[in-house]
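Scope of the values below: all heavy atoms of this structure, side chains included, with no hydrogens, waters or symmetry mates.
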Amino acid sequence: MEKTKARVASIFVYPVKSCRGISVPQAPLTPTGFRWDRQWLVVNSKGRAYTQRVEPKLALVTVKLPDGAFSEGWLPTADSFLVLRAPGMNELKISLSKPGEVTDGVSVWEWSGSAWDEGHEAANWFSNYLGKPSRLVRFNAASETRPVDPQYANGHNIMFADGYPFLLLSQGSLDALNNLLKEPVPVNRFRPNIFVDGCEPFSEDLWTEIEINKITFGGVKLCSRCKVPSIDQETAVVKPEINETLKKFRSDKVLRLTGKQQGKVFMGQNMVLKDFLKDGKGKVIKVGDRSLWSRWYHLLLKQLF
């Protein structure tokens, strides 16, 4: 085992799946991810999730929560709202204290279940913005669970995230990629939750036990990347250079992560929370927190053949 120290440089939360994230100085932890992360989802007329893969315009939807929403123990009041803005659209406010009616048939990837429907005003807002029938729903944690792939993190759950509660990426890895690109890109192309500095490029590939502010996370699987990193998050224009470059040095063919090559590329480490609520209280991590990362080589070996 090898240990190395790093620092939390940024924390990002994405309240509405595939919409713009929020950079915050601190974030409360829950077993399913940071509080507020991917609690909302835009769906089509059949309840199927919209993402930037098919609707890049979602990248231009900005999201705002009340100033205190990321403080430990904060509770919404009648005057607490999720506020959404987008080009050419009026402001949309969603109550944080009054969930909508339950609707069935909501699906994202392999999961389907019920969710809270945020009502006709939100539905009309997204329908007009995307130019097709849409609705906004909120994960119904009171009645639903969405398990993580048990092969990698048995017993853990998420809300509307793609696959895991947390995604970590390092500045060193982003710098290594940018050194190969004609036009450097910001970290928002990869939509991590935790962005760290002070470690070697791609060293996070091998981290399986990560301690931040005395809170232990488990690194469980490298993050395979889809089309989204090729979407400029400021313009919603697709620029394929990133994924083409990643294929040259971060593909399953190069890294030999699986026996069957599927043309996937990898950037970042998916994580779960290992020791949540041991003392019965919530936990918070902050920008600037020092981190201790245990580097165990069995994670990489687990993904070989």
Peer 1: Within a strict 4.5 Å, meaning less than it, do heavy atoms of the Val148 and Pro165 side chains meet?
Peer 2: yes
Peer 1: Minimum heavy-atom separation for Val287 and Ala9, please, with both atom names.
Peer 2: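 Heavy atoms of Val287 and Ala9 come nearest at CG1-O, 3.4 Å.
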Peer 1: Hey, which of Glu200, Arg250, Glu204 is the one that makes side chain to side chain donor-acceptor pair (under 3.5 Å) with Ser173?
Peer 2: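 The option that passes is Glu204.
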Peer 1: Quick check for you: to the nearest 0.5 Å, what is the distance between Glu234 atom CD and Asp232 atom CG?
Peer 2: 6.5 Å
Peer 1: Does some side-chain heavy atom of Ser80 sit less than 4.5 Å from a side-chain heavy atom of Ser97?
Peer 2: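 Result no, sub-4.5 Å side-chain heavy-atom pair not found.
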Peer 1: Salt bridge check, Lys132 against Glu55: does any charged N sit closer than 4.0 Å to a carboxylate O?
Peer 2: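 Between Lys132 and Glu55 there is a salt bridge, with a charged N closer than 4.0 Å to a carboxylate O.
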Peer 1: Determine, step by step, whether Val272 and Tyr152 satisfy the side-chain contact (heavy atoms from CB on, under 4.5 Å) criterion, reporting the C-alpha distance in whole Å, the side-chain angles of both residues, the deciding distance to 0.1 Å, and the verdict.
Peer 2: CA-CA 10 Å; Val272 298; Tyr152 297 100; over 6 Å; no
Peer 1: Side-chain heavy atoms nearer than 4.5 Å, only ILVMFWY residues, links allowed to pass through others: does that put Leu136 and Leu130 together?
Peer 2: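 Cluster IDs for Leu136 and Leu130 match.
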Peer 1: If the threshold is 4.0 Å, N to carboxylate O, is there a salt bridge linking Lys274 and Glu209?
Peer 2: yes
Peer 1: Start with the C-alpha gap between Glu72 and Lys283, add the side-chain angles, then the distance that decides, and say whether salt bridge (charged side-chain N to carboxylate O under 4.0 Å, His left out) holds.
Peer 2: CA-CA 7 Å; Glu72 185 176 358; Lys283 302 288 186 180; over 6 Å; no
Peer 1: Taking all heavy atoms of Arg225 and all of Phe190, pick out the closest pair and write down the distance.
Peer 2: NH2-O, 2.7 Å
Peer 1: Flag yes if Met89 and Phe126 sit in one hydrophobic cluster, no otherwise; membership is Ile, Leu, Val, Met, Phe, Trp, Tyr, and two members link when side-chain heavy atoms are under 4.5 Å apart.
Peer 2: yes
Peer 1: Can you name the nearest heavy-atom pair linking Trp116 to Pro99, along with the distance?
Peer 2: CD2-CB, 3.6 Å
Peer 1: Does any non-hydrogen side-chain atom of Phe166 lie less than 4.5 Å from one of Leu273?
Peer 2: yes
Peer 1: Show your working on salt bridge (charged side-chain N to carboxylate O under 4.0 Å, His left out) between Lys214 and Asp289 and close with a plain yes or no.
Peer 2: CA-CA 10 Å; Lys214 299 182 180 180; Asp289 278 347; over 6 Å; no
Peer 1: May I ask you to decide if the ring planes of Phe195 and Phe12 are parallel, tilted or perpendicular, using 30° and 60° as cut-offs?
Peer 2: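 Geometry flag for Phe12 against Phe195: tilted rings.
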Peer 1: Which heavy atom of Ala161 sits nearest to which heavy atom of Arg146, and what is that distance?
Peer 2: O-NH1, 2.5 Å
Peer 1: Validate the cation-pi geometry between Lys57 and Tyr129: distance from NZ or CZ to the six-membered ring centre under 6.0 Å, angle to the ring axis within 45°.
Peer 2: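 Judged by the rule (NZ or CZ under 6.0 Å from the ring centre, within 45° of its axis), Lys57 counts as positioned above Tyr129.
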Peer 1: Is there a side-chain contact (heavy atoms from CB on, under 4.5 Å) between Met271 and Ile194 once you walk through the steps?
Peer 2: CA-CA 10 Å; Met271 304 194 306; Ile194 303 172; 3.7 Å; yes
Peer 1: Does Gln52 form a side-chain contact (heavy atoms from CB on, under 4.5 Å) with Lys227? I'd like the steps, not just the answer.
Peer 2: CA-CA 8 Å; Gln52 287 187 35; Lys227 175 184 176 182; over 6 Å; no
Peer 1: Within the distance-only criterion (no hydrogens, no angle test), does the side chain of Glu183 pair as donor or acceptor with the backbone N or O of Leu181 below 3.5 angstrom?
Peer 2: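 Not confirmed, Glu183 side chain does not pair with Leu181 backbone.
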Peer 1: Hey, mind stepping through Thr62 and Arg85 against side-chain hydrogen bond (donor to acceptor under 3.5 Å, both in side chains) and telling me if it holds?
Peer 2: CA-CA 5 Å; Thr62 63; Arg85 298 182 178 91; 5.2 Å; no
Peer 1: Rounded to the nearest 0.5 Å, what's the gap from CH2 on Trp40 to CZ on Arg138? Could you check?
Peer 2: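 Reported to 0.5 Å precision, the distance equals 4.0 Å.
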Peer 1: Let me know which of Thr30, Asn193, Thr32, Ile22 forms a side chain to side chain contact (heavy atoms under 4.5 Å, CB included) with Asp37.
Peer 2: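 Passing option: Asn193.
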Peer 1: More than 12 non-hydrogen atoms from neighbouring residues, nucleotides or ligands closer than 6.0 Å to CD on Glu241, yes or no?
Peer 2: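 More than 12 heavy atoms, drawn from other residues, nucleotides or ligands, come within 6.0 Å of this atom.
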Peer 1: Check whether any side-chain N or O of Trp111 sits under 3.5 Å from a backbone N or O of Thr145 as a donor-acceptor pair, and report yes or no.
Peer 2: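 Yes, the answer is positive, given that a donor and an acceptor are paired below the 3.5 Å cut-off.
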Peer 1: Donor-acceptor check, side chain of Arg35 to backbone of Trp74, threshold 3.5 angstrom: yes or no?
Peer 2: yes
Peer 1: Is it the case that the side chain of Asn213 and the backbone of Ile215 share a donor-acceptor pair, with hydrogens and angles ignored and the cut-off at 3.5 Å?
Peer 2: no
Peer 1: Check whether Asn179 reaches the backbone of Asp175 with its side chain - one donor and one acceptor, N or O, closer than 3.5 Å.
Peer 2: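 Pair found, side chain donor or acceptor close to backbone of Asp175.
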Peer 1: Does the side chain of Phe139 come within less than 4.5 Å of Leu41's, by heavy atoms?
Peer 2: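 Side-chain contact under 4.5 Å: no.
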Peer 1: Taking all heavy atoms of Ile210 and all of Gly218, pick out the closest pair and write down the distance.
Peer 2: CD1-C, 4.1 Å
Peer 1: Find out whether Leu167 and Gln269 are in side-chain contact, i.e. whether some heavy atom of one side chain is under 4.5 Å from a heavy atom of the other.
Peer 2: no
Peer 1: Let me confirm one number: the CG-CG distance from Leu96 to Leu75, rounded to the nearest 0.5 Å.
Peer 2: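 Answer for the CG-CG pair, Leu96 versus Leu75, is 11.5 Å.
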Peer 1: Under a 4.5 Å cut-off applied to non-hydrogen side-chain atoms, are Val265 and Lys247 in contact?
Peer 2: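 When only atoms from C-beta onward are counted, Lys247 and Val265 do touch, with a gap below 4.5 Å.
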Peer 1: Quick one: do Lys264 and Asp252 make a salt bridge, cutoff under 4.0 Å?
Peer 2: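 Looking at Lys264 and Asp252, the cut-off is not met.
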Peer 1: State yes or no: do Leu92 and Leu60 share one hydrophobic cluster built from I, L, V, M, F, W and Y residues joined by side-chain heavy-atom distances below 4.5 Å, directly or via other members?
Peer 2: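 Yes, Leu92 and Leu60 fall within the same hydrophobic cluster.
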Peer 1: Is there a side-chain contact between Val220 and Asp149 in this structure, where contact means two heavy atoms from C-beta onward sitting under 4.5 Å apart?
Peer 2: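 No; the side chains remain at least 4.5 Å from each other.
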Peer 1: Are the aromatic ring centres of Trp207 and Phe202 under 6.0 angstrom apart?
Peer 2: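 Between Trp207 and Phe202, the centre distance exceeds or equals 6.0 Å.
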Peer 1: Starting at SG of Cys223, measure out to CZ of Arg191 and round the result to the nearest 0.5 Å.
Peer 2: 11.5 Å
Peer 1: Do you reckon Leu65 sits in the same ILVMFWY cluster as Val24, going by side-chain contacts under 4.5 Å, direct or chained?
Peer 2: yes
Peer 1: Within the 4.5 Å heavy-atom criterion, are Val102 and Asp117 side-chain neighbours or not?
Peer 2: no
Peer 1: Ile212 and Phe217: side-chain contact (heavy atoms from CB on, under 4.5 Å), yes or no, with the steps?
Peer 2: CA-CA 8 Å; Ile212 304 174; Phe217 298 81; 3.9 Å; yes
Peer 1: Please indicate whether Glu110 has more than 12 foreign heavy atoms, meaning atoms of other residues, nucleotides or ligands, lying under 6.0 Å from its CD.
Peer 2: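 Yes, the 6.0 Å shell around CD holds more than 12 heavy atoms from other groups.
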Peer 1: Taking the six-membered ring of Phe160, is NZ or CZ of Lys17 closer than 6.0 Å to its centre and within 45° of its axis?
Peer 2: no
Peer 1: Is there a path of hydrophobic side-chain contacts, each under 4.5 Å between heavy atoms of I, L, V, M, F, W or Y residues, that connects Val8 with Leu169?
Peer 2: no
Peer 1: Working to the nearest 0.5 angstrom, can you tell me the gap between Leu58 CG and Gln233 CD?
Peer 2: 10.0 Å
Peer 1: Rounded at 0.5 Å granularity, tell me how far OG in Ser170 sits from CG in Asp197.
Peer 2: 8.0 Å
Peer 1: Ser143 and Asn140: side-chain hydrogen bond (donor to acceptor under 3.5 Å, both in side chains), yes or no, with the steps?
Peer 2: CA-CA 6 Å; Ser143 66; Asn140 185 359; 2.9 Å; yes
Peer 1: Determine the minimum heavy-atom distance between Gly113 and Glu144, stating which atoms define it.
Peer 2: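 Shortest heavy-atom contact: CA-OE1, 3.9 Å.
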Peer 1: Do side-chain atoms of Asn44 reach the backbone of Tyr50 as a donor and acceptor pair under 3.5 angstrom?
Peer 2: no
